[in-house]
Visitor: 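This structure is in structure tokens; I'll ask about it shortly.
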Amino acid sequence: MTETAALRTAPLRARAEIDLAAVRANVRALRALAPGAELMAVVKSDGYGHGAAQCARAAVEAGASWLGTATPEEALVLRANGGLPDDVRIMCWLWTPGGPWREAIDARLDVSVSGMWALEEVTAAAREAGLPARVQLKADSGLGRGGCQPGDDWAELVREALAAEGAGLIRITGLWSHFACADEPGHPSIDAQLDRFREMIAYAEEQGARPEVRHIANSPATLTRPDSHFDLVRTGIALYGISPSPELGAPADFGLRPVMTLSASVALVKHVPGGHGVSYGHKYTTAGETTLGLIPVGYADGVPRHASSAGPVLVGGKWRTIAGRVAMDQFIVDLGGDEPEPGERAVLFGPGDGGEPTAEDWAQAAGTIAYEIVTRIGSRVPRVYVNEGQADTP
Ligand SMILES: *Cc1c(COP(=O)(O)O)cnc(C)c1O
């Protein structure tokens with residue numbers, strides 16, 4: 001029995017089951033939606049809480065040719081220990097001065113450069129390494145966050161990058177940008193950003209840049225804006241089977257299936273009288289005689305405290321709502337007199353087709369987005385991988 005197989009059957013306090021067949025199916029669905037583009041599986045922040053290496057391997061098996069992370073450290077770990085084919089491209093974009101440029105060059109990462117300080121550091125590291133760095137120039141086409149401003153700043157960055165390329169220190173492998181409002185279809189900034197991005201690409205190419213890939217689309221743009229796909233789409237949340245926003249549609253509308261199922265073992269069921277205060281602060285009081293169930297996961301496990309008195313859980317075939325406050329390690333549900341056996345599985349969220357809530361339901365209960373729900377599941381919750389083998393056929 002592999003360790004994962006043992007965990008799957010063990011009566012765990014809590015587990016986040018990760019369905020790797022769903023990752024593979026989601027990659028195939030996304031590739032079908034963006035047939036002219038390569039696919040970058042974005043696996044930052046431990047694969048949005050799902051496990052970066054496992055999800056990266058599944059995504060690559062299903063046709064992703066690029067992986068994306070925020071930090072260089074995440075990318076270096078993937079390259080060294082990810083168990084990935086050597087030719088998979090790995091890009092990282094969130095750099096700070098003094099970052100591990102030399103290690104990134106040696107690991108054949110594609111690095112993002114948004115400004116002159118980064119270009120200077122990466123060229124210095126490349127000189128030392130005796131190897132050209134793979135550099136992707138990031139344009140701020142209107143997000144107003146990272147990226148190089150259009151105009152003089154872009155002209156300077158492009159000029160100096162081309163000079164470094166001419167000197168054999170870097171290879172400009174990509175020109176790229178990121179959307180502000182792609183999850184709001186019809187938002188005027190989307191067209192404006194596409195126009196600006198095309199202009200910034202055209203300028204760099206007129207000056208002599210020959211990027212392998214130009215890219216701007218995240219999950220929502222991949223799902224809704226084929227004209228934003230260019231050479232590569234960078235999908236994160238959709239890879240994990242979650243819709244970027246309920247306004248765009250449900251995952252199934254795009255052929256996507258949620259990957260994570262979070263469950264816990266009911267730790268205690270007990271009878272209490274009416275008028276009994278429940279959990280810290282007594283924010284909930286039983287209306288009458290009832291049963292309470294103790295669910296042994298809390299905000300340290302990523303159950304949002306903001307979902308106090310609101311988060312849904314499937315227990316014994318019924319949706320129950322958190323009674324009172326979420327504590328660090330546990331919360332209570334009012335079972336209304338039902339008496340499920342201790343040890344029964346309470347499902348906080350999953351794909352939804354077993355009647356359980358979804359990560360989107362939790363996002364709404366906590367006043368946040370489903371991205372945050374899955375990403376914050378704590379390290380104390382074991383990830384249990386299912387459908388690891390590629391038994392499914394494309
Ligand atoms: C996180 C991230 C993505 C993926 O976004 P999703 O909406 O999850 O698809 C793409 N590009 C960049 C730069 C990111 O930081």
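Remember, it's 1-based here, ligands and their atoms both numbered in the order they're listed.
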Visitor: For atom 12 (C) of ligand 1, what is the closest protein heavy atom, and at what distance to 0.1 Å?
Guide: H178 CE1, 3.4 Å
Visitor: Can you name the atoms of ligand 1, numbered from 1 with element, that are less than 4.0 Å from a heavy atom of P220?
Guide: 7 (O)
Visitor: Applying a heavy-atom cut-off of 4.0 Å, say which part of F179 lies close to ligand 1: side chain, backbone, both or neither.
Guide: neither
Visitor: Using a strict threshold of under 4.0 Å (side-chain N to carboxylate O), is an ion pair present between R225 and D191?
Guide: yes
Visitor: Show the numbers, then the answer: is there a salt bridge (charged side-chain N to carboxylate O under 4.0 Å, His left out) between E74 and K44?
Guide: CA-CA 7 Å; E74 294 173 304; K44 62 189 179 188; over 6 Å; no
Visitor: Does the N or O separation between G236 and ligand 1 drop below 3.5 Å for any pair?
Guide: yes
Visitor: Under a 4.0 angstrom heavy-atom cut-off, which atoms of ligand 1 come close to W93?
Guide: 12 (C), 13 (C), 14 (C), 15 (O)
Visitor: Name the one of R196, E199, Q193 that satisfies side-chain hydrogen bond (donor to acceptor under 3.5 Å, both in side chains) with S141?
Guide: Q193
Visitor: Distance under 4.0 Å to a non-hydrogen atom of T235: what atoms of ligand 1 satisfy this?
Guide: 9 (O)
Visitor: Any chance the rings of H50 and Y240 have centres within less than 6.0 Å?
Guide: yes
Visitor: Check this for me: does any side-chain nitrogen of one of R102 and E121 sit under 4.0 Å from a carboxylate oxygen of the other?
Guide: no
Visitor: Is a side-chain donor or acceptor of R380 paired with a backbone partner of V297 at a separation under 3.5 angstrom?
Guide: no
Visitor: Distance-only, no hydrogens or angles: does the N81 side chain make a donor-acceptor pair with backbone N or O of L78 under 3.5 Å?
Guide: no
Visitor: Looking only at distance, does N218 have an N or O less than 3.5 Å from an N or O of ligand 1?
Guide: no
Visitor: Among V42, V27, L39, L33, exactly one meets side-chain contact (heavy atoms from CB on, under 4.5 Å) together with T235. Which residue is that?
Guide: L39
Visitor: Polar-atom distance check: I237 versus ligand 1, any N or O pair below 3.5 Å?
Guide: yes
Visitor: For atom 5 (O) of ligand 1, which of the options Y48, Y240, Y371 provides the nearest non-hydrogen atom?
Guide: Y48
Visitor: Heavy-atom contacts under 4.0 Å between A70 and ligand 1: side chain, backbone, both, or neither?
Guide: neither
Visitor: With respect to W176, determine whether any N or O atom, backbone or side chain, lies less than 3.5 Å from an N or O atom of ligand 1.
Guide: no
Visitor: Backbone N or O of A41 within a donor-acceptor pair of the W66 side chain at under 3.5 Å?
Guide: no
Visitor: With backbone taken as N, CA, C and O and side chain as the heavy atoms from C-beta onward, which portion of R234 lies under 4.0 Å from ligand 1: side chain, backbone, both, or neither?
Guide: both
Visitor: Looking only at protein heavy atoms, which one is nearest to atom 2 (C) of ligand 1, and what is the separation?
Guide: K44 NZ, 2.6 Å
Visitor: Check this for me: does any side-chain nitrogen of one of D301 and R13 sit under 4.0 Å from a carboxylate oxygen of the other?
Guide: yes
Visitor: Taking distance alone, with N or O pairs closer than 3.5 Å, would you say S219 contacts ligand 1?
Guide: yes
Visitor: With only distance considered, is K138 within less than 3.5 Å of ligand 1 through an N or O on each side?
Guide: no
